[in-house]
Amino acid sequence: MYDVLPYPSTKEPWLTTARWRAVERHFREMVMRAGYREIRTPILEPTELFKRSIGEATDIVSKEMFTFVDRGERSLTMKPEGTAPAVRACIEHGLFAEHGLLKLYYIGQNFRYERGQKGRYRQHQQLGVEVFGAHDPAIDAEVLALAMNFFTSLGVRCKLHINSVGTAECRARYREALKAYVAPSLQHLSEEGKMRYEVNPLRMLDTKDQRDLAILAGAPVLRDFLTDDSSKHFEQLQGYLAALNIPFAIDDGLVRGFDYYSGTVFEIKGEGLGAQDALGGGGRYDGLVEECGGTAVPGLGFGIGMERCLLALEALGIQPPQEDESPIAFIITAGEQPAVRTTAVTLLHSLRSSGIAADMDYLGKNFRRQFKRADDLGSRFYIIIGEDEVASGTVQLKERTTGEQQKIDIDSVVQYLSGKAL
RNA sequence: GCGACUGUAGCUCAGGUGGUUAGAGUGCCAGGUUGUGGCCCUGGAGGUCGUCGGUUCAAGUCCGAUCAGUCGCCCCA
């Protein structure tokens, strides 16, 4: 768990709201250019939704969900990922019927009950897209290209790993072949491997255990069990990626931790991130909508880890362009007459109403300290109001960088600064 | 869920083998006449030493537990 702060801390510079907004804006602009529309779904969903979609035998569902019973005896779960809730919402609101092709994006919080680590948090944010309705491998290419472009345009170096897990039938045939291959060596498999053999054989491939890797070295490859259609789809995708100059590596062991994937799957790995190096991942889930109670609509998408992206940027010393949060003008008051403060408060309000970022002191600081406050905030102009100015209906307007100061009519301040603020 | 390491002002860190009122730098606040800022000078506030328990005449320091964080396993974003 962590807090995102308004000011940078020396310890965790990436945990600042300005930096988060910068990355979020980068993502939003990119996907909106590509025609994606935002969807927001609730944090709480019926537990059943995730059991059905992600699969009961996966790590996420079996041991990593924040699940509880509410006062109405319903089992609810804080969403561990964004795809299933999006599918649920689209079914519920008839979006599939209304749009032949549906392109969605989301920025949302996910929750997984895991041991915290750098780059792995019990609450984490994902930036993702989901596309529904298309089988065309060109849309697979679009989705992968978006995910890769998100990182490369930020300056993050990363590698794209792809694979195809085929249709449910492909996987069923492969599962048997894999089990048959491993069966003679079953006793030599790690405990984890043995468990996966029983519960979710495909996950045996996703191991780092040296002995298991040795046993699996000559195992049959899932890709050889793909139907002609699946094979062709995967090859076409590779052709598009090549045409787009997106380097990729085919990873036979890439299986992913959700059961709903079919066909294309991929993962993006960053460099120098330690154990948690998966920056993002996703794939195709052609059976998911039907599984969740909708019509047969194909789909695919990806999720990008916000924290890992920020960590990668931090490690590379990259600062995405941030919004300027400094005021344009800071009002400084002098003198004890109540009219001075009233004039200042009124002018401040006018400036802000006209879209000019402005501020003033509320701590009763003396004249000199008010200047210091304005400097600390990075204000471009000082507006000085004293008893003389109030009497003559003017203000002293001083520019910080040049030190130039002029007396101008108080009624023309807004107009003057509007010109300068551009 | 498993293993290793860490835990002292807001932040970065000092505090040999247990011994009086726990320090520094930085930041913060104030003052250097509330009519001209950045620098500078002076002063001040701020810590039940992660928490609980134990050993001891005495614990920031030793022991245990617990929590949190970091790193690795696992998994993934």
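FYI, side chains are in, hydrogens and waters are out, and symmetry mates aren't considered; it's all heavy atoms of this structure. In this text the structure is predicted, and so the values were computed from the model without any measurement. Proteins come first, then strands; the chains are lettered A, B, ... in the order of their sequence lines, and each starts at number 1.
Not counting sequence neighbours, the partners of Arg40(A) by the side-chain hydrogen bond (donor to acceptor under 3.5 Å, both in side chains) test are Glu38(A).
Residues Glu45(A) and Arg88(A) are paired through a salt bridge, judged by an N-O separation under 4.0 Å between the basic side chain and the carboxylate. With salt bridges taken as basic N to acidic carboxylate O contacts below 4.0 Å, one links Arg19(A) and Glu314(A).
Nucleic acid contact for Glu336(A): none, since no nucleic acid atom lies under 4.0 Å from a heavy atom of the residue.
Between Lys365(A) and A30(B), a side-chain N or O to OP1/OP2 separation shorter than 4.0 Å is present. Checking the phosphate oxygens (OP1, OP2) of U36(B), no side-chain nitrogen or oxygen of Gln405(A) falls inside 4.0 Å. One finds a side-chain N or O of Arg256(A) lying less than 4.0 angstrom from the OP1 or OP2 phosphate oxygen of A77(B). Within the 4.0 Å cut-off from OP1 or OP2 of G31(B), at least one side-chain nitrogen or oxygen of Asn366(A) is found.
A gap of 14 Å separates the P atoms of A9(B) and G60(B), to the nearest Å. Spacing of C1' atoms, C57(B) relative to G64(B), comes out at 22 Å, to the nearest Å. Annotation: C63(B) and U21(B) have their C1' atoms spaced 28 Å apart (nearest Å). Rounded to a whole angstrom, the distance from the P atom of U56(B) to that of G46(B) is 35 Å.
Taking a pair as Watson-Crick or G-U wobble with both distances under 3.5 Å, RNA chain B forms stems of 3 or more consecutive pairs at B:1-7 with B:67-73, B:10-13 with B:23-26, B:28-32 with B:40-44, B:50-54 with B:62-66.
Ranking G1(B), C76(B), C71(B) by closeness to the Arg120(A) side chain, first place goes to G1(B).
Between Tyr382(A) and Phe330(A), the distance separating the two ring centers is not shorter than 6.0 angstrom. Ring centroids of Tyr105(A) and Tyr36(A) are separated by 6.0 Å or more, keeping the two rings apart.
Residues Lys63(A) and Met306(A) each lie close to RNA chain B; by heavy-atom proximity, the contact nearer the 5' end of the strand is made by Lys63(A).
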